[in-house]
Amino acid sequence: MAQKRIGILTSGGDCAGLNAALRAAVHRAIRTYGWRVYGIHDGSLGLMRRPVEVTEFDVRQASGEMLRQGGTILGTINKGDPFNYPMPDGTTKDRSQEFVDGYKQLGIEALVVIGGDGSMRILNKLCRQGGIPMVGIPKTIDNDVAHTDYAIGFATALDVAGEAMDRLAPTAASHHRVMILEVMGRDVGHIAINAGIAGGADVILIPEIPYTLESIAAKIGEVRKEGRNHALVVVAEGCKTERGENVTSLHRGGEARYGGIGQYLSDCLAELVDAETRVTVLGHVQRGGMPSVRDRIIASAFGVHAVDLIANGRLDRMVAWQHGQVTDVPLNEVAGVTRAVDPYGTVAQTARGLGIYIGESG
Ligand code: F6P
């Protein structure tokens with residue numbers, strides 16, 4: 001009987017731990033089931049190119065080296081939706097059928113997609129159109145994929161943000177400054193609120209909770225009265241101004257990118273508090289580097305479970321981490337749903353309990 005073949009791709013923004021998931025899937029598929037595993041290059045693009053661009057893996061390639069490696073050795077894209085593919089002349093074209101045809105050329109029987117919420121939605125739609133059995137593995141430093149407590153990459157990004165806090169605290173104290181750390185997270189504040197608590201922040205601002213500049217200034221004043229000469233503020237990139245305006249910059253093709261809320265806060269607070277303010281924008285440092293031990297474990301569990309789902313014919317599902325266990329949920333319950341910070345959940349209540357200003361409680 002011919003050996004079963006599966007394909008695996010990474011899609012959307014990269015993060016630490018993608019290669020660990022790929023490695024786990026390769027080991028499980030080859031060692032346990034005797035299948036052949038094809039890594040597809042550059043997300044959906046690898047199946048849209050002719051010839052299709054893939055690498056067949058063996059267990060020797062899926063080494064410990066791969067487990068530790070940051071980024072994605074397969075490559076990825078976060079701007080090439082095959083249904084609205086951006087063409088050089090500025091128009092968009094539906095190239096979805098090229099993806100489906102590429103898949104069929106490979107003769108694979110199922111696709112493992114390692115992606116965030118956007119990729120899950122697009123790939124799920126592509127797979128439904130082409131009758132392609134798919135299993136998803138959630139990844140994103142933003143940790144906003146529905147129905148999973150953790151997505152690959154979040155733990156490492158959080159460690160980076162926590163370390164940044166540790167490095168900012170002493171210099172803030174030396175210069176009696178208000179230090180503002182702007183972290184990633186797109187429209188959710190998981191990195192900000194967790195890093196803020198872990199790093200001893202006085203103020204944490206997240207897109208889920210509105211704030212006032214007056215209250216931030218009051219909190220900094222309170223800290224001063226208590227005898228501390230400096231303060232730490234963490235702000236998620238997706239926060240709006242006090243008046244509710246987006247802080248984004250427009251790029252080629254009309255793409256709006258986050259960034260700048262830290263500087264806005266710094267400028268505003270410089271007028272309201274009697275202290276110097278400085279801003280650090282952490283940016284893509286949160287996505288790069290070796291995966292943390294936690295991310296390696298989550299990624300490995302996800303890779304193994306994804307292959308087991310295919311083996312058991314449990315398709316069109318996404319692996320997930322719930323209550324300390326790996327499990328799986330239907331893909332159509334994930335697509336298009338964002339997992340935001342619960343303004344009254346444990347993490348937010350912990351921050352409030354510590355006296356951190358996290359915005360105006362409704
Ligand atoms: O979704 C992950 C993420 O890192 C966001 O936190 C951030 O806003 C965005 O991607 C940055 O995207 P790009 O790599 O296109 O600049």
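Both counts, for ligands and for their atoms, begin at 1 and track the order of listing. Numbering of residues begins at 1 and proceeds along the displayed sequence.
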request  = Establish, yes or no, whether the cationic atom of Arg294 lies under 6.0 Å from the six-membered ring centre of Tyr150 and within 45° of the ring axis.
outcome  = yes
request  = Name the closest protein heavy atom to atom 15 (O) of ligand 1, giving the residue it belongs to and the distance to 0.1 Å.
outcome  = Asn78 ND2, 3.1 Å
message = Just to confirm my output: which protein heavy-atom neighbour is closest to atom 2 (C) of ligand 1, and how far is it?
response = Asp142 OD2, 3.3 Å
ask   = So, are Glu98 and Arg95 salt-bridged, with charged N and O less than 4.0 Å apart?
value = yes
note = If you compare Glu255, Arg287, Glu237, Lys79 by their heavy atoms, the one closest to atom 7 (C) of ligand 1 turns out to be Glu237
query = Please walk me through it: do Glu109 and Arg5 pass salt bridge (charged side-chain N to carboxylate O under 4.0 Å, His left out)?
reply = CA-CA 6 Å; Glu109 289 165 58; Arg5 298 163 177 226; over 6 Å; no
query = What do we get for Gln286 next to ligand 1 when only non-hydrogen atoms under 4.0 Å count, side chain, backbone, both or neither?
reply = neither
key: Per-residue contact class, His284 against ligand 1 - non-hydrogen pairs under 4.0 Å   = side chain
task = Show which atoms of ligand 1 fall inside a sub-4.0 Å distance from at least one heavy-atom site of Arg186.
result = 1 (O), 6 (O), 9 (C), 10 (O)
inquiry  = Show the atoms of ligand 1 that are less than 4.0 angstrom away from any heavy atom in Gly185.
reply    = 6 (O)
inquiry  = Run the side-chain contact (heavy atoms from CB on, under 4.5 Å) test against Thr140 and tell me which residues pass, sequence neighbours left out.
reply    = Asp142, Asp144, Val145, Ala151
query = Glu242: what forms a salt bridge (charged side-chain N to carboxylate O under 4.0 Å, His left out) with it, not counting sequence neighbours?
reply = none
query = Measuring from the heavy atoms of Gly116, does anything fall under 4.0 Å of ligand 1?
reply = no
key: CG-OG1 distance between Leu18 and Thr76, expressed to the nearest 0.5 angstrom   = 7.5 Å
